[in-house]
Amino acid sequence: MDKPFAITLDPGSSRANHTGAWRTERPVYVSGLPPCNDACPAGENIQQWLYLAEEGGLAAYEAAWRQIMADNPFPAIMGRVCYRPCETACNRGQLDSAVGINSVERYLGDQAIHAGWPVFADNTPVDAAPTGKRVLVVGAGPSGLSAAYHLTRRGHSVTIKDAGSQPGGMMRYGIPKYRLPRDIMDAEIERILAMGVTLELNTTVADILAELNEAAGGHGGGGCFDAAFVAVGAHIGKRAYIPAGDSAKIMDAVSLLHQVEDGTRPMLGRRVAVYGGGNTAMDAARTARRLGAAEAVVVYRRTRDRMPAHDIEVEEALEEGVTMRWLSTVTAADAGSLTIEKMRLDETGFPQPTGEFEELSADCLLLALGQDADLAVLDGVPGVTFSGGTVDVDRDLMTGHPGIFAGGDMVPSERTVTVAVGHGKKAARAIDAWLRGTEPDAPQRPALAAYDTLNTWYYADAPAAVRPKLEAARRTGTFDEVTGGLTGSTALFEARRCMSCGNCFGCDNCYGACPDNAVIKLDAGRYEIDLDYCKGCGICAAECPCGAIAMVPEET
Amino acid sequence: MPSTRIKFYQVGSFAAGNRLLPEDLRSIQSSDARANTLTCGHRACQGCGEALGARYALDAVMRATKGKMIAVNATGCLEVFSTPFPETSWQIPWLHSLFGNAPAVGSGVATALKAMGRSDIRVVAQGGDGGTVDIGMACLSGLFERNDDVLYICYDNQAYMNTGVQRSGATPPAARTATTPAVGPEPGNAFGQGKNVPLIAMAHEIPYVATATVADLRDLEDKATRAMDFHGARYLHILVPCPLGWGSSPADTIKVARLATESGLFPVFEAEDGQVVSSARIRRQVPVTDYLRLQARYAHLFHPQERTDVIERLQASADRNIARFGLLEDQKPAHIERTRLTLAPVHDSDQRR
Amino acid sequence: MLKQIEGSRAVAEAVALCRPQVICAYPITPQTHIVEALGALVKKGELNAGFLNVESEFAAMSAVIGASAVGARTYTATASQGLLYMSEAVYNAAGLGLPVVMTVANRAIGAPINIWNDHSDSMSQRDAGWIQLYAETNQEAADLHIQAFRIAEELSNPVMVCMDGFVLTHASERVDIPGQAEADAFLPPYQPRQVLDPDDPVSIGAMVGPEAFTEVRFLAEERMRQALDLIPDVASAFERQFGRESGGLVKPYRTGDAELIIVALGSVLGTVKDTIDELREDGIRVGALGITSFRPFPVQSVRAVLAGGCRPCRVVVLERALAPGSGGIVTADVRAALAATDGSLPRTEHPIISTVVAGLGGRPITGKCLRAMLLDAKRGQLPPFSFLDLQPGLVQAELARMQANRRSGPTAENMLRDLGVTASGAAD
């Protein structure tokens, strides 16, 4: 068309006008730290495995599971016993309710067991070349098993020595089977062992220095290990002095749980009292009910909000009919009854005796007053120091003796399976670096993707799916698993509730919301700002649902 | 119609697209095949709501018409920032004539296409609130009355922005503009009768009328697309915040539009043949102050002291919209009833014997 | 085919022969019969066009702009107030270079409101960039429309055909309406210079700033210059096709040896020629220069006639409109044409020009008045500027009233009362 001068123009000729020159600030795509990742003691990349799971279908779930396995070898176990600090931190909780991360993790873990997914996609045993190094792991609990797993992945040869007759540590001997079915636990433990880890049960390490070779500081007794990770846990129940009559029946809760695991069914009587306010107390009370106690009452010196037991545990115990006696201490025990003293909290929140006493009928008293670590294995090792009943370690979990690392309940930490698993991973990284003579890689910690960086408008209103639970009555009669898992569709629903905080998930909002058509769509979920035209208005950053765009000043 | 067909809980219906949705369920804007009817290099201010609204609406029309469309534009911001010689950002056949005649020019284009046997090419006429509500009202009404096959789109930024933010018939009460300055005992625009062009369009009983904002892309695209299903006169009224004129942050453009709907001040609905057929429910209702505080054109309602009297009146008008259009989940819309003439009963004494 | 036909109808039939594709109609006296006739043709199916009844003249011109931009041949008609109301769009059509054809049924502009014929309406748009052709007869009115489409489309410039309201529009005369085949042969289908086409998109109507506006306007002027060549060419082609003279730039009548020439536009030329014939019989060497193309103003042709015969001659420019504060409109263009110096016309040989404003608001221009006026001119007794057939008494009375009272009342109504015609029709 022979167009009239100036009045009529060719399409798109405005592209000659580079409006990018107007900018005073520009958008940049960032990757923030999602609060779930930040909170996870095992350092899982939760946002990433949920992202993978969202695709739905077995291939997606397998990819998601493998992402979990990169950090944590026990997803099915986590899905039953982890206290899910990720969910507490989950930003979605401020919108409607937290994503059921734990439920999805359990689902994926169970799928993996059911389908027999191999640890590595190409079915190789490990993903690193053998280093020729040998590492000793003392304790086949979650921490030790996790360390063994991660060390094996890094190409090291691992031997675990455990004094008990079965692996699992507190997972087996502290957590009842109605919370953690043994077939699940065994499957995940077995999967680690099948990678080539040597497990020696019924083996106590009396002299750790004898196990280590000279380079690792051994005393030349023919030890062959280049390093050691000690994670023997804290399985010794604390005692308290309680005046008791001869026929008073007092048991230590930890021992009770151990016996039940070994197949014994101790006779506790009709009414059982549990002294203490921690998770073990809850487990003991619920186990007592399952062993036939008609009543189980927890006696605790402070109030519910100050109980160390996890909320979930308390809830489930209450649902099962366990009763709680707050602000009470046990001052004496006799056959069939206990003497309880009422307490009150002073201004500092510390319980003080009131001098008021009463009787509580109980056939048996279970003590759940905390646990101590058996530190004998490190006793006398040069450089190793202890404080407050735990062994001192540096930030890389190395004790005072180079080459000997420690983790789990025996080092100062919150005492959960997840923390222990995290220690195992961290120790493995540290040991690997130590064996190579380098520093461990510092993990990256970008800025936290807090709730106020999100634009939650774009997430549809969708409450959490809730896992089915056994009817309370049925629950207390059996050791069947109490909390069932999600189905495939509800697990997918749950995974898709993730807001992908701080990390782009390809929603195309920036591409759509730019008034200047200055966002280039590269391929699925990747974008680039067209700096020739971007005027720096900031709409893309404001409308990014997950806060993955930040505005930074333009360098003049 | 609201996009209820997507049950997807991560992002749901509200973001532009999602990698997990099949492509045909994503918005047109999320596609790299979108027409980019208004492309980059235009001279709109940073964060211009009208630039965004125009691309949203017209890309949808381009998709619906498979690229066979012609646009007629009134004088105003959109026209000026898109076609300063020697550059144009339009990628479609586009005509600008005058300020008040876009509807009439559109009628002429549609009539010519029909006479030339090319009714397959569809016509959009568009303008700002000034060119629609005020100076173009006569031509717009003529278009409606004749039911010419034109989709008219009004981009409403509630004042004559291109000439320097002067008051138009669409300027809301209490808003500051250059000709309704925030001075004196009654600062800002007066509380007049207002001029509700969507309702005027409905009074003409044209096939399709809808309101939308740039905050809800899917809704806007659905409406532009649906409008092209009809033949005859159709009207689409889109709220497009103007950071400059409204005194809002450029990054807040979509947010401000969202708050306009969530407060009830701007009802989002559709009508066919003069009857409301659907309204978009408010998801998270907010008081009008949440919306007002983001805009300097209402700053005089908060400083030096809060004008609760004015704010209450604004809230009342929002509440009235909510009731009238049924904008909250539990309310049904009160249909806009036409008054019917009823004849008085004939008395015996009136009858001739 | 010869028909005894009302002027409006003749125009409608001529326009219909041109196969317009979009016709926009807004009624205003005295154009109504044109659009009504076209409307009937369309409704009966005899004319295949889109007929748009619009809500104002502004809408009418706007709609034809849209139609023309998309490649349709378009037409509308108006007069007086309607032309003013669409003025913004009139300029717009010319500025965009769209070949719209419009009939202006010349009518006076109010206030005071007046529905009768003069040229004030089309004269008010003389700077809009449209080609303006003035018809002398109903035959010429019909013929000019057919030529107008061809001129407009070749130049990409709109054309208005001016015909005197009532005098031509409502007069029944014998008119030769061509056949469709002849018309088709003369007027091929419209090929736009620019067009809105989804397959080849362009933006039409950009904002042009200081850096290019002058050049755009220069090109508009250039189109007018091209028109000066094209208009006579088309008139010649018309004559060859249809066998009669019609159109062109100017029509000199007995000017070869004239000492006194009257310049005029439109239907008044009929009375003028009759008057000239009478005066010639009395030995007065008088002639007339009819101007058909007022825009572009045919400078060379006018010079050739007015400075071609006896020098100096007296020239009377008969104005059918008034430019208050300035005087004559056509006069100004005539003076400019004569002042164009190439040295061939010494100052002493410039014609002596008198402006006569006549026939405002439909006041009949009688032969008797013309004759008297021309004799005055011949005798050198015609003032440089005068109103033909003015009633001085009415004017004096009003001036006296205004002198005597501040609140002298509305002028038009006062004079009507003096004339014995009040608003209500009741006697005083």
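Throughout, a chain's letter reflects where its sequence line sits, starting with A, and its residues are numbered from 1.
Only the backbone of Asp197(C) comes within contact range of chain B, with heavy atoms under 4.5 Å apart. For Asp199(C), no part sits under 4.5 Å from any heavy atom of chain B, backbone or side chain. Proximity to chain C (any heavy atom under 4.5 Å) is shown, for Asn73(B), by neither the backbone nor the side chain. The part of Ala69(C) that comes within reach of chain B is its side chain, from C-beta onward, which places non-hydrogen atoms under 4.5 angstrom from that chain.
Counting heavy-atom pairs closer than 4.5 Å to chain C, the top-ranked of the candidates Ser89(B), Gly106(B), Ala104(B), Ala125(B) is Ala104(B). Options Ser203(C), Ser68(C), Ala93(C) differ in how many heavy-atom pairs under 4.5 Å they form with chain B, and the most are formed by Ser203(C). Contact tally against chain B (heavy-atom pairs below 4.5 Å) for Ala67(C), Ala72(C), Ser56(C): the top residue is Ala67(C). The choice from Met116(B), Lys68(B), Gln91(B) that makes the most heavy-atom pairs within less than 4.5 Å of chain C is Met116(B). The most heavy-atom pairs under 4.5 Å with chain B, out of Val54(C), Val64(C), Val202(C), Val208(C), come from Val202(C).
With a 4.5 Å cut-off on side-chain heavy atoms, Leu196(C) and Ile121(B) do not count as touching. In this structure, Trp90(B) and Pro201(C) have side chains that are not in contact, with every pair of non-hydrogen atoms separated by 4.5 Å or more. Within the 4.5 Å cutoff, the side chain of Cys139(B) has heavy atoms near those of the Glu55(C) side chain.
Annotation: the span from Glu88(C) atom CD to Phe99(B) atom CZ amounts to 9.5 Å, rounded to 0.5 Å. Remark: Glu87(B) CD to Met207(C) CE distance equals 10.5 Å, nearest 0.5 Å. Between the CG atom in Leu98(B) and the CG atom in Leu96(C) there is a gap of 8.0 Å [rounded to 0.5 Å]. Taking CG of Leu98(C) as the start and CG of Leu95(B) as the end, the distance is 7.5 Å to the nearest 0.5 Å. Note that the NZ atom of Lys114(B) and the CG atom of Leu52(C) stand 10.0 Å from one another [nearest 0.5 Å].
Heavy atoms of other residues, nucleotides or ligands lying less than 6.0 angstrom from CD1 of Ile115(C) number more than 12.
Between Ser97(B) and Asn92(C), the shortest heavy-atom contact is OG-OD1, 2.6 Å.
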